[in-house]
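Data first, discussion second: the structure below is written as structure tokens.
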Amino acid sequence: QVQLVESGGGLVQPGGSLRLSCAASGDIHTMYDMAWYRQAPQKGRELVAKMTRDAATTYADAVKGRFIISRDINRNTAALEMNGLRPEDTAVYYCNADVLVQVGPGHRQVNAWGQGTQVTVSS
């Protein structure tokens, strides 16, 4: 019903930058919160940044001042600009969204995840 596809991960040196993108498709009626999570090896999945439909943002303390989340309401896309990358930012990054899905004549709210994109920060 809803598919989220991330892109933009890769290998970068400490201090470098990367931009992740997330594109949503499917039977979307309304996109609510969009967020980025990450999961490092042997660690749980954690929230990195979130943006509501009204553009209110939340950031993890570890990324404040370095990462910027953005979204395009009309295109159902989101992005994460990551600057000043550190080795501890190495993780699989996932796009997440709360979506009101069209189901026949009605709607249903779902929480969708992308497949993840690897970000590796290493010299």
Side-chain angles (χ1 to χ4, degrees):
Q1 293 167 326
V2 178
Q3 297 80 41
L4 302 180
V5 178
E6 303 100 335
S7 60
L11 173 65
V12 63
Q13 292 188 342
S17 299
L18 278 176
R19 179 182 172 87
L20 305 183
S21 298
C22 174
S25 62
D27 299 320
I28 299 168
H29 181 273
T30 306
M31 296 284 288
Y32 295 111
D33 294 356
M34 294 191 77
W36 290 93
Y37 286 75
R38 67 185 181 187
Q39 187 165 16
Q42 281 95 50
K43 290 189 176 181
R45 193 170 295 189
E46 63 176 0
L47 176 68
V48 176
K50 181 173 70 176
M51 180 177 277
T52 69
R53 187 170 177 83
D54 296 329
T57 57
T58 301
Y59 291 94
D61 288 343
V63 307
K64 282 180 182 176
R66 300 188 296 125
F67 290 12
I68 300 172
I69 187 171
S70 61
R71 66 184 290 181
D72 185 323
I73 292 288
N74 294 323
R75 296 186 178 185
N76 292 327
T77 60
L80 185 68
E81 187 75 32
M82 305 186 293
N83 302 303
L85 283 162
R86 304 167 180 168
E88 54 264 39
D89 295 318
T90 295
V92 178
Y93 283 71
Y94 297 90
C95 182
N96 174 268
D98 287 322
V99 187
L100 193 65
V101 177
Q102 190 80 41
V103 181
H107 307 99
R108 184 166 65 93
Q109 186 154 347
V110 300
N111 184 261
W113 291 91
Q115 81 288 351
T117 185
Q118 177 70 46
V119 171
T120 303
V121 185
S122 175
S123 55

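The shown structure was predicted, so the numbers you read here are calculated from the model rather than taken from an experiment.
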Answer yes or no: is there a donor N or O on one side and an acceptor on the other, between the side chain of [X] and the main chain of [Y], under 3.5 Å?
X	Y	answer
Arg71	Met51	yes
Thr90	Val121	yes
Glu81	Ile68	no
Glu6	Gln115	yes
Glu46	Arg38	no
Asn96	Ala112	yes

Straight-line distance of [X] [atom1] to [Y] [atom2], nearest 0.5 Å:
X	Y	atom1	atom2	answer
Leu100	Asp27	CG	CG	11.5 Å
Ser21	Asp72	OG	CG	11.5 Å
Met31	Leu4	CE	CG	6.0 Å
Thr117	Leu18	OG1	CG	9.0 Å

Taking all heavy atoms of [X] and all of [Y], pick out the closest pair and write down the distance.
X	Y	value
Arg19	Ser70	NH2-OG, 4.4 Å
Val92	Gly116	CG1-CA, 3.8 Å
Pro14	Ser123	CD-N, 3.7 Å

Assigning hydrophobic clusters by single linkage (Ile, Leu, Val, Met, Phe, Trp, Tyr; side-chain heavy-atom cutoff under 4.5 Å), is [X] placed with [Y]?
X	Y	result
Val103	Val110	yes
Leu20	Phe67	yes
Val63	Tyr93	yes
Tyr59	Leu85	yes
Ile28	Val101	yes

Can you label the angle between the Trp113 ring and the Tyr94 ring as parallel, tilted or perpendicular, going by 30° and 60°?
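Geometry flag for Tyr94 against Trp113: perpendicular rings.
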Would a 4.5 Å heavy-atom cut-off, applied to side chains only, mark [X] and [Y] as touching?
X	Y	result
Asn76	Val99	no
Gln109	Asp98	yes
Met34	Lys50	no
Val12	Met82	no
Ser122	Leu11	yes

Begin from the C-alpha positions of Thr30 and His107 and carry the test side-chain contact (heavy atoms from CB on, under 4.5 Å) through to its verdict.
CA-CA 10 Å; Thr30 306; His107 307 99; over 6 Å; no
Is Lys64 salt-bridged to Asp61, going by a charged N under 4.0 Å from an acidic O?
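Salt bridge flag = yes for Asp61 with Lys64.
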Side chains of Arg53 and Tyr32: do they bring a donor and an acceptor to under 3.5 Å?
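Judged by distance alone, the side chains do not pair up.
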